[in-house]
Amino acid sequence: MSGAAPPLFAWRRTFLGDGVLLAAPEGSVRIRPRVTPLLRLRELLAPVHPGPGVAGVTVDGPRGFTTAEGEYGALVNLRGEARQRTFAAVYGDDFCATFDADCTTRSAFDGMRDAVQKLAYAHALGLGADRFRNYLYAPPPGWTGLPRHASVVWISPGCPREHALLTVFKARPTNMTFSMRQHHRLFEQLPREFGEKPPSATDTFTTTQGLMAQLVTYTGVVNGRALMVSDLTLADQRYVYPARLETSASDLDGHAKALKGFAERVRPLPAPSAPVDALTSWVD
Amino acid sequence: MKLDLPLPDGWIAQPASRADGRFVSYSQHGVGLLISSLMSLPQDPEAWLLRAALDELPAGAAATITARGSRETVDGWRALVVEAEVTGGAAARETRIVVLYQFLDHGAAAIVRGPAELVADRRDELLELLGKARPDFRSSHPVCLWEVFEGLAQKEGALPVLDGFQP
């Protein structure tokens with residue numbers, strides 16, 4: 001945020017087919033509340049530039065941020081001598097909201113960037129915190145992610161000869177509802193083949209991100225194939241973050257090491273924080 | 001996601017021959033090759049294979065299953081194979097080789113069709129080609145937040161910083 005007081009934009013609103021346009025004499029902000037399909041940030045940013053012939057462009061960002069609702073976003077500011085573009089995106093589960101500002105009044109550059117920052121920070125995706133959510137983790141390098149219902153299966157590059165799958169389930173609130181239990185039974189619970197032998201002792205530890213972790217390993221024979229499955233359950237006060245490693249190997253220590261490595265690459269979901277009033281200068 | 005089957009030079013893409021749009025079509029020296037996209041593995045793979053082998057028979061023709069079995073691709077993926085011979089009707093005697101690949105809980109198919117003599121002459125070459133198929137599970141869209149914010153991390157392999165500012 002700049003130290004100078006931002007100008008009070010006299011926004012006028014126009015409804016567009018895919019959102020709204022806020023226009024002021026100094027510039028405009030186009031807000032698209034639901035952009036699908038989900039795109040990588042760099043794909044969203046690819047067409048954003050101050051325009052041909054704009055000299056002396058400096059780029060600030062993209063910088064990641066967390067909204068008042070606790071959702072993830074990023075903002076980039078591209079400032080030329082005579083024109084500035086500010087672009088922000090706030091990500092929901094399978095869509096994002098975008099804020100695309102164009103400012104041609106040099107004295108309003110800081111204010112316009114700050115206005116976009118506030119608009120994005122205060123934006124309501126309206127998804128609620130009490131839901132299955134994607135969370136931030138680093139997948140094993142070189143593995144390929146295959147989306148499934150409420151999870152992603154990461155396939156090792158050695159598959160199928162070296163069978164290794166890491167399933168990362170969506171985070172869910174710590175208070176399991178009946179519906180969540182049903183979901184667990186339908187899509188996550190191990191088949192009965194893994195109940196024939198007693199599981200390993202539960203290994204408990206705390207990650208450097210402060211998540212409480214439990215690790216249990218099961219073995220079983222499915223369709224004639226011996227499999228080892230380790231269930232990792234990470235938890236904080238608000239969410240549970242389950243993951244599962246399945247291999248044809250029988251190396252218990254190797255399993256634990258791989259999953260503990262993954263656990264260190266999981267970041268807890270952010271909590272909602274104090275909202276701001278981004279539209280104090282609304283006149284329309 | 002798609003079936004990755006590297007075709008040598010000489011295979012020429014053909015207009016889509018099936019209405020369902022799940023197959024792309026190629027031909028080389030009178031032999032046709034249909035390659036499917038990745039799909040959910042059929043509940044009954046054997047039945048699916050037989051249906052595919054007997055599909056689109058010319059009027060008055062009949063098909064006979066001449067071989068069926070299981071093979072492994074060069075990467076080790078399981079593939080079910082059915083061969084059929086189509087006779088009768090107006091068309092020449094045709095050989096069909098249908099392969100259903102099993103990639104975890106996904107499947108994909110490749111179907112060779114051609115005059116029986118031409119396919120017989122190239123059978124080993126065609127089976128070797130079909131054995132090179134592998135799944136490409138990559139999605140054109142990000143499947144996790146890591147991919148969404150790819151490049152935002154301050155160093156390779158690190159998690160991106162997503163609490164950079166707060167108004």
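Rounding to the nearest 0.5 Å gives a distance of 8.0 Å between CZ of Arg40(A) and OG of Ser140(B). To the nearest 0.5 Å, the span separating CD on Glu150(B) from CG on Leu41(A) amounts to 10.0 Å. Between the CD atom in Glu147(B) and the CG atom in Leu39(A) there is a gap of 12.5 Å [rounded to 0.5 Å]. The OG1 atom of Thr144(A) lies 8.5 Å from the CZ atom of Phe137(B); values are rounded to the nearest 0.5 Å. Note that OH of Tyr72(A) and CG of Leu145(B) are 7.0 Å apart. Values are rounded to the nearest 0.5 Å.
In Arg131(A), the CZ atom is crowded: over 12 heavy atoms of neighbouring residues, nucleotides or ligands sit closer than 6.0 Å. Annotation: Glu125(B), atom CD; neighbour count of heavy atoms from other residues, nucleotides and ligands within 6.0 Å is above 12.
For Tyr137(A), the parts sitting under 4.5 Å from any heavy atom of chain B are the backbone and the side chain alike. In this structure, the portion of Leu165(A) lying under 4.5 Å from any heavy atom of chain B is its side chain and not its backbone. Of the atoms belonging to Pro141(A), not a single heavy atom falls under 4.5 Å from chain B.
Interface remark: of the candidates Asn134(A), Asp94(A), Leu38(A), Val168(A), Leu38(A) forms the most heavy-atom pairs closer than 4.5 Å to chain B.
The closest donor-acceptor contact from the side chain of Ser139(B) to the backbone of Pro147(A) lies at 3.5 Å or more, if one exists at all. A donor-acceptor distance shorter than 3.5 angstrom exists from the side chain of Arg267(A) to the backbone of Pro160(B), with no hydrogens or angles considered.
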Tell me which donor-acceptor pairs under 3.5 Å the side chains of residues 44-52 of chain B have, and how far apart each pair is, sequence neighbours excluded?
from	atom 1	to	atom 2	distance (Å)
Asp44(B)	OD1	Glu46(B)	N	3.4
Asp44(B)	OD1	Ala47(B)	N	3.2
Glu46(B)	OE1	Arg68(B)	NH2	3.3

Problem set entry | Derivation and outcome, side chain to side chain contact (heavy atoms under 4.5 Å, CB included), residues Arg42(A) and Leu152(B) | CA-CA 9 Å; Arg42(A) 63 177 160 78; Leu152(B) 210 58; over 6 Å; no
Exercise. Under the side chain to side chain contact (heavy atoms under 4.5 Å, CB included) criterion, do His106(B) and Leu146(A) qualify, and how do the steps go?
Worked result: CA-CA 10 Å; His106(B) 281 65; Leu146(A) 177 62; 3.9 Å; yes
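Within residues 2-10 of chain B, no residue approaches chain A closer than 4.5 Å by heavy atoms. Contacts between residues 152-164 of chain A and chain B, counted as heavy-atom pairs separated by less than 4.5 Å, involve Val152(A), Trp154(A), Ile155(A), Cys159(A), Pro160(A), Arg161(A), His163(A).
A pairwise comparison of heavy atoms in Leu162(B) and Gly73(A) identifies CD2-O, 4.0 Å as the closest pair.
Residues Arg148(A) and Asp105(B) meet the side-chain proximity criterion, which asks for heavy atoms closer than 4.5 Å.
Identified under the side chain to side chain donor-acceptor pair (under 3.5 Å) test for residues 79-92 of chain B, with sequence neighbours left out: Glu83(B)-Arg123(B), Glu85(B)-Arg93(B).
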